[in-house]
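All values below come from the heavy atoms of this structure, side chains included, with hydrogens, waters and symmetry mates left out.
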Amino acid sequence: MIRGITIYDLSPDQLFSFLKVLEPQVYQIDQTLIYKGNVPNAAFCLLSGKLQIRKYDNSTYPLFPNQIIGLDECLKHSPFKHTLEVHKGTKLLVLPLSFLKNNQLIHSLGQTA
Amino acid sequence: MSSKMTRCESCPSQGNGIFCELEHMELSDISDHKVNNTYKKGQVLFVEGNPTYGIYCVNKGNIKITQMSPDGKESIIRIAQAGDVIGHRSLFTSKHYQASATAIEEAHVCFIDKDYILKLIETKPSVSFNLISRLSRDLGAAEHRISSFSQKNVRERLAELLLLLKESHGEPTEKGTFINIKLTRDEMASIIGTAPETLIRFMSEIKSLGYIEQEGKKIFITDEKALIEFAGLEY
């Protein structure tokens with residue numbers, strides 16, 4: 001866990017249940033998904049490619065496949081402590097707020113909507 | 001700790017947005033399903049070519065909407081201001097954003113995800129109607145711009161741009177109408193499809209005619225009627 005940010009690891013069964021309802025999204029261009037201090041528009045689950053956290057000192061930390069980030073902050077409307085960047089060619093599951101609020105599995109990850 | 005959230009019921013853009021006809025409880029439900037953020041100058045809301053997953057409502061500030069040409073040149077296609085919705089066209093037409101959106105000054109923006117907004121469109125006719133009105137307005141502006149590019153010279157397009165900015169961002173002052181938006185000369189040149197040097201030259205020309213005044217980067221329109229004639233528009 002990176003200090004101040006909770007990253008959840010999905011089991012294969014959990015990932016499969018998400019994939020049944022969410023379509024993977026491929027990012028064609030490098031983009032900042034979450035700016036430091038902003039509330040995430042969604043939570044993101046890395047499927048393949050490069051998703052990284054950039055800290056205030058410019059150091060970067062990659063996420064690994066099947067990890068979800070931004071979940072707590074999106075549900076609680078709290079600011080993200082660092083910056084999240086996605087790189088070209090990365091495949092993500094985007095979990096928007098309305099999905100997070102209505103999905104039972106999210107509760108099993110330890111969160112309340 | 002939660003960040004301070006702007007509620008739809010107390011939004012500074014209420015009256016200009018697409019949700020304004022909704023009841024208090026409905027606005028409250030939207031507030032519970034949206035994310036609001038402050039974007040600093042230069043921060044990007046979404047990028048052309050990347051997946052769409054919602055729309056943005058501008059509460060305050062200005063956002064430039066741009067498209068990239070094959071040779072890597074960025075063109076500004078419009079400026080979104082308070083009350084405007086952005087990213088909505090891509091929601092219906094494509095799985096990817098058709099343009100990029102970048103804050104040109106500090107901007108307060110709300111994000112509503114695709115699933116929720118599509119459900120709202122299905123169930124609330126006023127939201128559908130307002131979105132259709134916005135799309136029609138945007139289409140009209142785009143058609144006018146195409147026509148302007150083919151029929152007007154650069155001077156006339158510049159005069160027209162100043163008048164448009166006066167309508168959207170003008171504030172009356174003693175000196176004339178102050179255009180209260182921070183656009184660089186490069187950005188203004190991009191909007192009218194010319195080089196920055198040409199724009200600067202024609203700005204000086206319009207200024208020498210007494211139609212505008214400049215104080216540093218600030219622009220004041222001092223003779224609107226003459227500028228309208230100069231732009232080849234009907235008064």
Q. Nearest 0.5 Å, what's the NE2-CD1 distance between B/His96 and A/Ile29?
A. 10.0 Å
Q | Most chain B-contacting option - heavy-atom pairs closer than 4.5 Å, from A/Lys88, A/Gln31, A/Glu73 | A | A/Gln31
Q. Are B/Asn37 and A/Asn41 side-chain neighbours, meaning at least one heavy-atom pair lies under 4.5 Å?
A. yes
**Q.** Side-chain (A/Tyr35) to main-chain (B/Val44) donor-acceptor, under 3.5 angstrom
**A.** yes
Q. If you count the non-hydrogen atoms of other residues, nucleotides and ligands that lie under 6.0 Å from NZ in B/Lys152, is the total more than 12?
A. yes
Q.
Would you compute the distance between atom OG of A/Ser98 and atom CG of B/Leu120 and round it to the nearest 0.5 angstrom?
A. 11.0 Å
Q: Taking the side chain as every heavy atom from C-beta outward, state whether B/Asn50 and A/Gln25 have any pair of such atoms under 4.5 Å apart.
A: no
Q: Using non-hydrogen atoms and a 4.5 Å limit, figure out which bit of B/Tyr56 sits close to chain A: side chain, backbone, both or neither.
A: side chain
(Q) Are there residues of residues 42-68 of chain A whose heavy atoms fall under 4.5 Å of chain B's heavy atoms? If so, which? (A) A/Ala42, A/Phe44
(Q) Is B/Ile112 in contact with chain A via its backbone, its side chain, both, or neither, using a 4.5 Å heavy-atom distance? (A) neither
Q.
If I measure from the heavy atoms of chain B, does A/Val86 come under 4.5 Å with its side chain, its backbone, both, or neither?
A. neither
**Q.** Minimum heavy-atom distance between A/Leu97 and B/Lys34, given as atom pair plus value
**A.** CD2-O, 3.9 Å
Q) Rounded to the nearest 0.5 Å, how far apart are CG of A/Asn102 and OH of B/Tyr116? A) 10.5 Å
Q: Check the surroundings of atom CZ in B/Phe149: do more than 12 heavy atoms from other residues, nucleotides or ligands lie under 6.0 Å from it?
A: yes
Q.
Walk me through whether B/Val47 and A/Gln28 qualify under side-chain contact (heavy atoms from CB on, under 4.5 Å).
A. CA-CA 9 Å; B/Val47 174; A/Gln28 311 287 350; over 6 Å; no
